[in-house]
Amino acid sequence: MFQPVLFSIIKKYKKQLFLSDLTSGLIVGIVALPLAIAFSIASGVPPETGLITAVVIGFMVSFFGRSRVQIGGPSGALIVVIYGIMQQYGFEGVVIASIMAGLMLIILGLLRAGTIIQFMPYPIVVGFTSGIALMIFTGQIQDFFGIDVPGAPSEPVNKWVFYFQNISEVGLMATSVGITTLLITLFWHKISRKIPGSLVGIVTATLLTLFLGLEVETIGSRFGTFSASFQLAGFSNLSIDLLQQLFVPAFTLAMLISIESLLSAIVADGATGYRHRPNTELMAQGIANICAPLVGGMAGSGALAKTMTNIRNGGKTPIAGIIHAIVILLFMLFLGKLAMYIPLTALAAVLIVVAYNMSEWRSFRSILKSSHGEIAVLLTTFLLTIFIGLNFALPFGIILAM
């Protein structure tokens with residue numbers, strides 16, 4: 001039932017495979033760096049949390065997983081849930097909910113539920129993914145336009161009301177830096193596909209801010225010092241009552257991780273010709289999501305964008321994923337403090353692109369032309385995700401589809 005692919009291929013591992021994995025691991029590690037920081041800040045946690053998550057989950061998923069090329073780490077799909085937990089229960093709540101989700105994933109794997117989760121109705125997946133994308137986009141408007149007004153509400157609709165009420169507070173400098181980063185991120189692939197546009201955009205924005213002395217809010221000005229170390233989690237407020245309150249958010253995290261990771265593995269199988277084992281993959285995700293929060297991280301999953309980057313750059317085995325985790329670890333330990341100079345508007349621009357790529361708008365439009373039942377499931381899941389929350393939208397969408 002639990003057979004990590006790394007253990008079965010290591011005996012036949014050759015130098016040529018290592019060189020291919022090394023190249024891909026280095027590139028994927030560079031691609032993952034700005035995303036890990038951006039996902040962390042969007043989730044409401046310190047920037048180093050995303051890097052720790054990328055290191056631990058990236059390593060564990062590759063070491064214990066059953067997909068040859070799956071890359072794990074912080075996920076855009078989890079941002080909204082983690083942000084909600086952080087606002088209500090603080091970072092300790094994020095840690096506890098992430099560990100609970102990890103335990104649930106292991107149980108799902110032992111119950112052989114991985115095979116069932118792969119057949120999640122597609123309108124549900126598109127509905128909540130599109131809803132999450134819209135919420136991520138909404139959450140980045142304030143930083144992108146440099147609206148330096150406290151007290152922004154958490155509800156998406158109220159956020160837009162808040163933005164229009166404070167439209168006169170839009171910062172010209174922040175907006176200019178954000179637009180520059182956005183354009184570079186979108187169009188850099190026309191110049192080079194080897195170096196990610198998001199990284200080029202963030203580096204460019206950071207250098208412009210430093211050398212031109214632009215008055216733009218940065219990671220350092222908001223979060224202060226950067227902690228480049230793993231820290232054991234504390235559980236000072238742990239109680240039965242807290243566990244009961246966190247059960248539904250943790251279950252939502254577990255379901256999102258399952259769906260995100262297994263969909264990524266299925267797509268990777270189609271691109272490589274290999275076959276993953278979903279139950280082993282679920283247990284690997286569970287182990288990773290227990291370990292990462294214990295040392296200062298948060299929940300994460302397999303990520304399709306980074307997995308496909310790994311495939312396109314020649315990654316053949318889980319060694320590529322392990323190398324990607326080592327690259328992020330080295331950056332965190334030796335260059336992490338440089339992240340303090342990154343403008344928040346630049347990270348917002350990268351997340352806007354992430355939200356667009358997550359939006360599944362083509363699939364959304366296609367389903368709207370299909371049967372009435374699929375349209376009902378799609379729109380119900382989408383609207384509930386935005387107006388009520390994923391904790392309710394996901395199970396209700398599943399029941400409606402049934």
Side-chain angles (χ1 to χ4, degrees), residues 1-29 31-32 53-75 101-102 104-119 254 257-292 299-329:
M1 185 179 292
F2 184 65
Q3 297 177 325
V5 69
L6 179 65
F7 300 172
S8 62
I9 67 169
I10 199 68
K11 297 177 182 178
K12 303 175 184 178
Y13 200 66
K14 298 179 181 178
K15 180 181 178 181
Q16 186 177 2
L17 280 176
F18 175 74
L19 293 176
S20 182
D21 286 338
L22 177 63
T23 302
S24 182
L26 290 171
I27 294 171
V28 177
V31 171
T53 304
V55 171
V56 178
I57 290 187
F59 179 87
M60 293 288 185
V61 166
S62 295
F63 192 85
F64 291 111
R66 189 60 197 190
S67 172
R68 283 176 173 253
V69 291
Q70 178 91 282
I71 301 294
S75 171
M104 291 176 188
L105 287 165
I106 292 176
I107 293 170
L108 287 172
L110 291 172
L111 294 175
R112 302 175 185 265
T115 307
I116 301 171
I117 292 171
Q118 291 183 108
F119 294 100
I257 293 166
S258 303
I259 296 167
E260 184 89 355
S261 300
L262 295 183
L263 283 177
S264 175
I266 291 169
V267 174
D269 287 352
T272 61
Y274 296 113
R275 289 191 64 185
H276 75 288
R277 293 192 178 183
N279 297 310
T280 296
E281 190 65 25
L282 281 185
M283 286 188 274
Q285 296 288 340
I287 294 169
N289 278 282
I290 291 171
C291 293
S301 71
L304 179 57
K306 288 179 283 188
T307 299
M308 292 308 296
T309 302
N310 185 31
I311 294 170
R312 284 196 296 266
N313 287 281
K316 303 294 184 185
T317 76
I319 298 296
I322 292 173
I323 292 171
H324 129 272
I326 293 172
V327 169
I328 298 173
L329 175 63

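Just the heavy atoms: all of them, side chains too, but no hydrogens, waters or symmetry mates, feed the values below.
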Validation row: [X], [Y] side chains within 4.5 angstrom (heavy atoms):
X	Y	answer
Phe18	Ile323	yes
Asn310	Lys306	no
Lys316	Thr272	no
Ile257	Ser75	no
Leu105	Ser258	yes
Leu17	Ile9	no
Ser8	Arg66	yes

Among all residues two or more places apart in sequence or in another chain, which pass the ring pair (Phe, Tyr, Trp, His ring centres under 6.0 Å) test with Phe7?
Phe63
So which atom in [X] and which in [Y] form the shortest heavy-atom distance, rounded to 0.1 Å?
X	Y	value
Glu260	Ser301	CG-OG, 3.4 Å
Ala284	Phe2	N-CE1, 4.3 Å
Val5	Arg68	CG2-CG, 3.9 Å
Ala268	Val69	CB-CG2, 3.7 Å
Gly315	Ala320	CA-CB, 4.2 Å
Ser62	Pro318	O-CB, 3.1 Å

Say you draw a straight line from CD1 of Ile319 to CD1 of Ile322; how long is it, rounded to the nearest 0.5 Å?
4.5 Å
Quick check for you: to the nearest 0.5 Å, what is the distance between Arg112 atom CZ and Thr280 atom OG1?
9.5 Å
For [X], give me all partners under side-chain contact (heavy atoms from CB on, under 4.5 Å), at least two apart in sequence or on another chain.
X	value
Ile107	Leu111
Asn313	Ser24, Ile27, Lys194, Thr309
Ser264	Gln70, Leu304, Thr307
Leu26	Leu22, Val327

All pairs passing side-chain hydrogen bond (donor to acceptor under 3.5 Å, both in side chains) where residues 12-23 contributes a residue, at least two apart:
Tyr13-Asp21, Asp21-Thr317
If you apply the rule side-chain contact (heavy atoms from CB on, under 4.5 Å), what do you find for Ile71 with Val61, and how did you get there?
CA-CA 7 Å; Ile71 301 294; Val61 166; over 6 Å; no
Donor-acceptor contacts under 3.5 Å from residues 285-292 side chains, at least two apart:
from, atom 1, to, atom 2, distance (Å)
Gln285, NE2, Ser261, OG, 3.3
Gln285, NE2, Glu281, OE2, 3.4
Asn289, OD1, Gly300, N, 2.8
Asn289, ND2, Gln285, O, 2.8
Asn289, ND2, Gly300, O, 3.1

